[in-house]
Trainee: 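Pasting a structure here, questions to come.
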Amino acid sequence: MSEIQLRLLDGSEKKYAAGITGQEVAEKIGSRLAKDALAIKVDGRLQDLNVSLEHNAAIEIVTFGAPEGREVYWHSTSHLMAHAVKRIFPQAKLAIGPAIDEGFYYDFDFERPFTPEDLTRIEAKMAELSKASVPIRRKTISKAEAIALFQKSAEPYKVELIQELPDDVISIYEQEDFTDLCRGPHVASTAKIKSFKLVSVAGAYWRGDEKNKMLQRIYGISFPTKEALDEYLVRLEEIKRRDHRKLGKELDLFSLSEEVGGGLALWHPRGALIRKTIEDFWRDEHQKNGYDFVYSPHVGRANLWETSGHLSFYRENMYSSMDVEGQEYYVKPMNCPFHIMIYKNKLRSYRDLPLRFAELGTVYRFERSGVLHGLLRVRGFTQDDAHIFVAPEDMEQEIIRVIDFVVTMLRTFGFQEFKAYIATRPEDAVGDNARWEQATQALKIAADKVDLAYEMDEGGGAFYGPKIDIKIKDALGRLWQCSTVQFDFNLPDRFDMTYVGIDNQAHRPYVVHRALLGSMERFFGMLIEHYAGAFPVWLAPVQAKVLSITDKQLEYAKGVRDKLRAAGIRAELDARSEKVGFKIREAELEKTPYILVVGDKEVQQNAVAVRVRGGKDLGVMRLEEFTQNVLNAIHEKKCTLHS
RNA sequence: GCCGGCGUAGCUCAGUGGUAGAGCAGCUGAUUCGUAAUCAGCAGGUCGUCAGUUCAAUCCUGACCGCCGGCUCCA
């Protein structure tokens with residue numbers, strides 16, 4: 001019997017008899033690992049745990065703790081679910097069922113939509129199958145055999161998928177009467193799938209194409225322990241609790257009205273105050289960073305949008321035209337043409353460049369009704385837009401500068417983690433390939449220079465140029481797209497933009513479109529969720545709330561409020577004849593950073609009793625001391641005095 | 001736009017084929033109180049809109065509008 005040598009993850013090497021399986025290796029290494037093992041990596045390749053090892057290799061036992069482990073686990077759960085569905089509804093046709101970021105789904109073609117009751121039945125059947133410890137086995141067959149197999153079992157979607165596979169050897173997985181086309185790997189037995197929940201049903205087009213038939217997609221999630229599942233469900237509750245639409249209502253920040261129209265936000269005083277604070281900060285930073293402010297109108301003549309190319313490439317997202325004295329006008333979906341017209345208003349020299357025109361520009365885009373979502377996806381929104389006109393040779397340097405600005409800006413608002421995506425040429429695009437290539441390259445170099453990790457998004461660029469989008473990770477680890485920096489080799493040509501170079505010849509500038517926050521609406525929505533409505537003191541609409549204990553302290557309390565206001569702190573007074581406990585409760589629910597209780601004791605000492613949002617009592621503090629501390633916290637953009 | 005669910009007071013939600021209720025919020029009054037809910041009273045609704053069925057519709061049916069979860073698309 002021959003021996004093989006396996007190198008483990010910790011660097012140690014062990015000798016085993018050839019033919020040993022992954023599961024057996026896991027058992028030899030440790031009982032606990034054997035219990036948790038889901039799959040095995042052999043020389044970096046993920047495989048089933050029951051594969052027999054025949055050669056020397058580096059191996060790694062994969063558990064749920066690793067991303068690959070979760071993928072295998074969820075993928076196997078999706079098979080378990082499909083198995084259960086086929087048991088209950090044999091007529092349901094199988095489409096696809098992959099693992100996703102969190103959990104899995106499986107698409108079925110079924111004569112009617114699945115109901116919540118169906119999900120309960122399916123869950124029960126899954127539990128039954130899991131308890132029965134059904135072995136899951138991999139098999140390889142030829143393409144022809146596979147097609148015959150799935151034709152026989154009347155699975156047209158599977159047949160379609162197999163027909164498109166390039167390989168002649170197809171792997172399938174069997175668990176009792178359920179067989180699925182699958183690359184794998186999978187866990188060895190349904191017994192591994194312990195705690196699961198079917199979360200929702202939704203329509204989804206076959207292969208994501210709206211021209212295709214709509215299938216029924218069942219989403220679910222699973223964990224090796226009940227505790228982990230419960231933890232996940234708690235996290236879902238937390239996400240619900242932080243929902244900006246819920247908090248926006250509770251904190252009276254904004255509303256959306258049926259009367260006004262879908263996707264058109266109304267900013268209430270408190271929301272507007274936060275927005276103003278953000279905008280003030282934004283303007284100051286832009287001024288420091290060499291930007292010039294401009295303003296432009298909300299509508300423009302059709303010929304402007306024809307020149308810009310919007311009418312040929314962006315029309316489906318534009319509101320229909322309006323007639324003004326026989327001329328066609330369009331509401332602006334973007335600010336660029338206006339900024340370009342400002343550029344073109346006079347002859348520009350290389351000495352003027354780079355020119356950076358910034359505007360909080362309100363645009364309107366026709367978004368299909370089904371996609372609107374609170375403030376995160378609306379039809380009218382204000383972009384924190386800027387267009388940078390730059391000589392080709394300064395392009396790279398300018399991009400680096402912009403990306404640096406983005407990162408600094410986002411960090412100020414409490415976002416620390418980002419993910420960047422460089423998007424390349426889409427099919428429906430203008431401009432020649434060479435320029436696209438050059439621009440994409442410049443974005444990559446810039447991202448590298450500021451140490452921004454990025455992924456490629458092939459074909460995801462705008463019609464006018466490649467872009468780098470920065471997604472922000474919020475408090476719950478979810479990614480949101482806000483910042484975008486977009487190259488444009490197209491508009492300068494279309495508008496015949498020029499500048500006079502050092503050689504006294506006309507040259508063409510490049511244009512960079514960029515938004516740091518994205519839009520005020522989306523960014524605000526994200527901020528609400530990130531902070532769960534408890535804004536850092538510099539952004540909080542009410543920074544300090546003064547609570548009088550009885551009417552006796554009323555005059556003093558008014559004085560405290562007025563002094564705070566004079567110092568530049570947004571202070572309010574709650575002078576109602578309610579018990580202090582009640583006032584505190586309300587101030588806490590409003591998520592006011594500082595609650596100042598004033599009774600006789602404080603009046604005597606010219607002081608305030610400071611309670612920080614969340615319940616922490618800082619005790620009695622002289623008013624001047626408190627004022628100075630808060631001003632420092634505001635200046636440093638801290639959450640509260642002690643965080 | 002497509003699939004599914006939902007639409008009752010400002011908010012959160014009960015409810016019935018015989019034209020509606022609760023809690024909170026609001027208003028009025030009482031209470032003057034030390035760190036998350038003081039008490040009492042009052043007021044508040046074309047039951048999303050429009051048709052249809054019915055002696056009678058908030059309830060049943062249909063269309064439309066809006067919202068929610070997805071798909072597709074995006075700042």
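Just so it is clear, the structure is predicted and the values come from calculations on it, not from any experiment. To find a chain, count down the sequence lines: A is the first, B the second, and so on, and within it residues start at 1.
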Trainee: Evaluate the ring planes of A:His387 and A:His339, with Trp represented by its six-membered ring, and classify them as parallel (under 30°), tilted (30 to 60°) or perpendicular (over 60°).
Mentor: perpendicular

Trainee: Starting from P on B:G4, measure out to CG on A:Asp118 and report it in whole angstrom.
Mentor: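 Value for this atom pair: 14 Å.
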
Trainee: Hey, does A:Phe114 reach any base, or is it just sugar-phosphate, or nothing, if we go heavy atoms under 4.0 Å?
Mentor: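 Counting heavy atoms under 4.0 Å across all strands, no contact is made by A:Phe114.
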
Trainee: Would you classify A:Lys246 as touching base, sugar-phosphate or nothing, given that sugar-phosphate means primed atoms plus P, OP1 and OP2, and contacts are heavy atoms under 4.0 Å?
Mentor: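 If one applies the 4.0 Å heavy-atom cut-off, A:Lys246 turns out to touch nothing in the nucleic acid.
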
Trainee: Please report the distance, rounded to the nearest Å, between CH2 in A:Trp206 and C1' in B:C71.
Mentor: 15 Å

Trainee: Under a cut-off of 3.5 Å for both distances of each Watson-Crick or G-U pair, what dot-bracket string does RNA chain B give, using [ ] for crossing pairs and | for inter-strand pairs?
Mentor: (((((((..((((....[..)))).(((((.......))))).....(((((..]....))))))))))))....

Trainee: A:Trp206 and A:Asn212: which non-hydrogen atoms are nearest, and at how many Å?
Mentor: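 Nearest heavy atoms, A:Trp206 then A:Asn212: O-ND2, 2.8 Å.
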
Trainee: Kindly give the heavy-atom pair with the smallest separation between A:Trp436 and A:Pro466, and that separation in Å.
Mentor: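 That would be CZ3-N, 3.3 Å.
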
Trainee: Is A:Phe357 close to A:Asn335 at the side-chain level, that is, under 4.5 Å between some pair of heavy atoms?
Mentor: no

Trainee: Mind calculating the distance between CG (A:Asp457) and C1' (B:A75) to the nearest angstrom?
Mentor: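 It is 15 Å, rounded to the nearest whole Å.
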
Trainee: How many Å lie between CZ on A:Arg112 and P on B:G5, as a whole number?
Mentor: 11 Å

Trainee: Among side-chain atoms of A:Glu259 and A:Ser257, is any donor-acceptor pair under 3.5 angstrom?
Mentor: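 No - no donor-acceptor pair under 3.5 Å links their side chains.
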
Trainee: May I ask you to check whether over 12 heavy atoms, not counting those of A:Asp101, lie within 6.0 Å of atom CG?
Mentor: no

Trainee: Counting only heavy atoms not in A:Glu590 (residues, nucleotides, ligands), do more than 12 fall under 6.0 Å from its CD?
Mentor: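 Above 12, so yes.
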
Trainee: Counting neighbours of NZ on A:Lys93 that are heavy atoms of other residues, nucleotides or ligands and sit closer than 6.0 Å, is the number greater than 12?
Mentor: yes

Trainee: What is the distance, rounded to the nearest whole Å, between atom CD1 of A:Ile96 and atom C1' of B:C71?
Mentor: 12 Å

Trainee: When we call it a touch if two heavy atoms are under 4.0 Å apart, what does A:Gly518 touch: a base, just sugar-phosphate, or nothing?
Mentor: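 Result for A:Gly518 = sugar-phosphate.
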
Trainee: How would you list, by chain and number, every residue that makes a salt bridge (charged side-chain N to carboxylate O under 4.0 Å, His left out) with A:Asp252, sequence neighbours excluded?
Mentor: none

Trainee: So, A:Lys240 and A:Glu237, do they make that salt bridge, N to O below 4.0 Å?
Mentor: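 Salt bridge present between A:Lys240 and A:Glu237.
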
Trainee: Produce a footprint string for nucleotides 43-48 of chain B: one letter per nucleotide, 5' end first; B if the base is under 4.0 Å from any protein heavy atom, S if only the sugar-phosphate is, - if neither.
Mentor: ------

Trainee: Does A:Tyr205 make a side-chain donor-acceptor contact with the base of B:G1, cut-off 3.5 Å?
Mentor: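 Counting by modelled atom types and ignoring angles, a donor-acceptor contact under 3.5 Å is found here.
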
Trainee: I'd like to compare against my own output: the B/S/- annotation of nucleotides 32-39 of chain B with a strict under-4.0 Å heavy-atom distance to protein.
Mentor: BBBBBBB-

Trainee: Going by ring pair (Phe, Tyr, Trp, His ring centres under 6.0 Å), A:Phe108 matches just one of A:Tyr106, A:Tyr105, A:Phe110. Which one?
Mentor: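 With A:Phe108 as partner, A:Tyr106, A:Tyr105, A:Phe110 yield a single ring pair (Phe, Tyr, Trp, His ring centres under 6.0 Å), made by A:Tyr106.
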
Trainee: A:Tyr219 side chain N/O closer than 4.0 Å to the phosphate oxygens (OP1, OP2) of B:C71?
Mentor: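 For B:C71, OP1 or OP2 has a side-chain N or O of A:Tyr219 closer than 4.0 Å.
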
Trainee: Using the test side-chain hydrogen bond (donor to acceptor under 3.5 Å, both in side chains), find all partners of A:Glu164 that sit at least two apart in sequence or belong to another chain.
Mentor: A:Arg207

Trainee: Please report the distance, rounded to the nearest Å, between NZ in A:Lys213 and P in B:G4.
Mentor: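 Interatomic distance, NZ of A:Lys213 to P of B:G4: 12 Å.
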
Trainee: Does the plane of the ring in A:Phe415 sit parallel, tilted or perpendicular to the ring in A:Phe523? Use 30° and 60° as the thresholds.
Mentor: perpendicular

Trainee: What residues from residues 365-389 of chain A pass a heavy-atom cutoff of under 4.0 Å to RNA chain B?
Mentor: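 The answer is A:Arg365, A:Glu367, A:Arg368, A:Ser369, A:Gly370, A:Val371, A:His373, A:Arg377, A:Val378, A:Phe381.
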
